[in-house]
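Just so you know, ligand 1 is whichever comes first in the structure, and atom 1 is the first atom listed for that ligand. We number each residue from 1, following the sequence as shown.
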Amino acid sequence: MEKVQREPLLVLDKNEEEEEEELQAQVDIWRYAFGFVEQAVVKCAIELGIAEAIESHIGPMTLFELSSTLKCDPSLLDRIMRFLIHRKIFKAIAISQDQDSLRSNLFSSTAANPALASHHGYAYAQTPLSRRLMRKGQRSMAAMILVQSSPVMQAAWHNLSAHVLANDNHPPFEIAHGEDFWHYTAENIDHNNLFNDAMACDANVTVPAVVKGCSEVFDGLTSLVDVGGGNGTAIHIVVKACPWIRGINFDLPHVIAVAPQRDGVEHVAGDMFVSVPKADAAFLMWVLHDWADEECIQILKKCREAITKEKGRVIIVEAVIEEGGKQGSLKDVGLVLDMVMMAHTHLGKERTLEEWDYVIKMAGFTTYSVKSIPNNVKSVIMAFP
Ligand SMILES: C[S@@+](CC[C@H](N)C(=O)[O-])C[C@H]1O[C@@H](n2cnc3c(N)ncnc32)[C@H](O)[C@@H]1O
Ligand SMILES: COc1ccc(-c2cc(=O)c3c(O)cc(O)cc3o2)cc1
């Protein structure tokens with residue numbers, strides 16, 4: 001009797017599992033069909049200046065206060081905000097009836113709209129995520145979102161499968177624009193400025209974390225060259241924290257031409273494949289992942305020639321892709337950036353520890369250490385000559 005009952009139950013369980021997977025797939029597939037919508041709406045929020053308006057308002061802001069400040073249609077803004085609140089980018093805070101009617105009456109033409117009735121009793125507030133949509137501020141990621149969602153960058157993604165099929169050294173960006181990322185950037189001043197600002201967003205978060213959590217990397221240094229340092233944000237943060245260090249920001253001429261003057265930082269234009277300015281140590285953040293192994297080895301050899309024998313070290317700040325290493329979401333960022341490298345750079349990639357070991361040793365360094373930066377996708381690799 002028992003046996004007869006158990007067998008059909010087991011079959012049923014398996015069917016139920018398959019059914020659940022089917023249902024989940026039905027939900028998940030929408031993310032892939034409409035994945036671009038999230039980025040587009042966030043870009044819209046940055047362009048409208050929603051986060052800045054709420055930040056400069058005293059207390060939470062009603063729909064009518066926000067639409068009046070932004071001078072936009074409240075019913076369209078209502079739907080944008082509903083989406084952003086659902087994604088937990090902004091918050092909806094309950095406000096008292098008195099406050100609500102007082103504030104809505106000030107905007108009586110729109111408060112009478114029955115389609116917006118659901119909005120009574122609520123006002124919008126910032127979250128840590130929405131503050132990152134402000135164009136200014138130490139944690140701003142606005143420039144990164146604007147550059148990645150720009151038609152210039154987006155065009156490359158349409159050529160990903162062509163690149164994978166052809167594997168002929170023509171990366172997706174080059175197929176889209178007829179030249180590589182760095183040449184295109186040199187010729188397009190707006191793209192150059194936006195890309196440099198985008199990279200500075202990440203430097204503003206990462207470099208203070210390196211100064212705080214891995215300060216030993218700067219021990220004993222009197223000079224430091226940031227190779228491929230962009231607009232000088234990273235080296236400026238280092239010299240402000242360690243004012244005894246003379247900072248050199250080294251990058252291509254078109255980047256140095258628009259880099260702002262910064263106390264304690266000398267800007268030098270050049271090509272890291274030719275030579276690197278001399279200093280006690282070299283700093284390389286998000287540079288080597290733009291290049292193939294052979295090019296990384298050339299860059300690292302030029303850095304090795306530039307640094308002093310005694311205090312010399314190369315400080316590499318990059319992702320280390322590890323199984324079971326960084327937590328789930330940080331590993332996900334690393335894998336996403338690997339796809340970005342495939343789309344935008346010439347054979348650049350995110351590397352595992354074994355891959356880092358290979359390029360560092362091939363460039364002639366004898367030893368190296370690796371330290372993970374807390375809450376960050378990157379690690380600090382210190383390579384010694
Ligand atoms: C991905 S960005 C990293 C910028 C900066 N290190 C950061 O993390 O914010 C790579 C940098 O390498 C620079 N670069 C590319 N080719 C270079 C070359 N041949 N010599 C010097 N810098 C170069 C780019 O201009 C760009 O600023
Ligand atoms: C954690 O947030 C981020 C997001 C993006 C990047 C980033 C680094 C790059 O070096 C890079 C690049 O070289 C080219 C590109 O198109 C995007 C990039 O994004 C870092 C940290």
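- Under a 4.0 Å criterion applied to the non-hydrogen atoms of His289, ligand 2 contributes the atoms 8 (C), 9 (C), 10 (O), 13 (O).
- Of all protein heavy atoms, the one lying nearest to atom 20 (C) of ligand 2 is Trp286 NE1, 3.3 Å.
- The closest protein non-hydrogen atom to atom 16 (O) of ligand 2 is His344 ND1, 2.9 Å.
- Comment: Asp280 engages Lys311 in a salt bridge, judged by a side-chain N to carboxylate O separation of less than 4.0 angstrom.
- Checked against a 6.0 Å centroid threshold, the rings of Trp182 and His344 do not count as neighbours.
- Ranking the protein heavy atoms by distance from atom 10 (C) of ligand 1 puts Asp290 OD2, 3.4 Å first.
- Polar contact check, Ala200 against ligand 1: no nitrogen or oxygen pair lies under 3.5 Å apart.
- Using a 4.0 Å cut-off to heavy atoms of Met153, the atoms of ligand 2 that qualify are 16 (O).
- Close contacts between ligand 2 and Met141 involve ligand atoms 2 (O) [criterion: under 4.0 Å to a heavy atom].
- The atoms of ligand 1 that sit less than 4.0 Å from any heavy atom of Phe273 are 19 (N).
- Interface atoms of ligand 1 facing Trp291, defined by a heavy-atom separation under 4.0 Å, are 16 (N).
- Annotation: atom 1 (C) of ligand 2 to nearest protein heavy atom, Asp202 OD1, 3.9 Å.
- Summary of contacts: the protein heavy atom closest to atom 17 (C) of ligand 2 is Gln148 NE2, 3.1 Å.
- Atoms of ligand 1 found under 4.0 Å from any heavy atom of Asp271, numbered from 1 in the order shown, are 18 (C), 19 (N), 20 (N).
- At a heavy-atom distance under 4.0 Å, only side-chain atoms of Leu337, from C-beta outward, approach ligand 2.
- For the pair Ile316 and Val380, the minimum side-chain heavy-atom distance is 4.5 Å or more.
- The closest approach between any non-hydrogen atom of Lys378 and ligand 2 is not below 4.0 Å.
- The shortest contact between atom 12 (C) of ligand 2 and any protein heavy atom is with Met341 CE, 3.5 Å.
- Side-chain contact annotation: Lys378 with Thr206, donor-acceptor N/O pair under 3.5 Å present.
- For ligand 1, the atoms sitting less than 4.0 Å from at least one non-hydrogen atom of Trp286 are 1 (C), 2 (S), 3 (C), 8 (O), 10 (C), numbered in the order shown with element in parentheses.
- The nearest protein atom to atom 13 (O) of ligand 2, hydrogens excluded, is given as Asp290 OD1, 2.9 Å; this is a heavy-atom distance.
- Salt-bridge check for Asp263 with Lys240: failed, with every basic side-chain N at 4.0 Å or more from each acidic carboxylate O.
- Across Ala269, Gly229, Gly228, heavy-atom proximity to atom 4 (C) of ligand 1 is greatest for Gly228.
- Among protein heavy atoms, atom 8 (C) of ligand 2 sits closest to Met199 CE, 3.4 Å.
- Atoms of ligand 1 lying under 4.0 Å from any heavy atom of Met285, numbered from 1 in the order shown and given with element: 3 (C), 5 (C), 6 (N), 7 (C), 8 (O).
- Taking the six-membered ring wherever Trp is involved, the centroid distance between the rings of Tyr124 and Phe90 does not fall below 6.0 Å.
- At a heavy-atom cutoff of 4.0 Å, ligand 2 is contacted by the side chain of Phe195 but not by its backbone.
- Atoms of ligand 1 found under 4.0 Å from any heavy atom of Gly230, numbered from 1 in the order shown, are 27 (O).
- Between Lys371 and Glu216 there is a salt bridge, since a side-chain N of the basic residue sits under 4.0 Å from a carboxylate O of the acidic one.
- Taking the charged nitrogens against the carboxylate oxygens, Lys361 and Asp357 do have a contact shorter than 4.0 Å, which makes a salt bridge.
- Taking 4.0 Å as the cut-off between side-chain N and carboxylate O, Glu38 and Arg87 count as a salt-bridged pair.
- The Val340 neighbourhood of ligand 2 comprises atoms 15 (C), 16 (O), 17 (C), with distances under 4.0 Å to a heavy atom of that residue.
- Within the listing of ligand 2, atoms 4 (C), 5 (C), 6 (C), 7 (C), 19 (O) sit less than 4.0 angstrom from a heavy atom of Met144.
- For the pair Asp251 and ligand 1, the shortest N or O to N or O distance falls below 3.5 Å.
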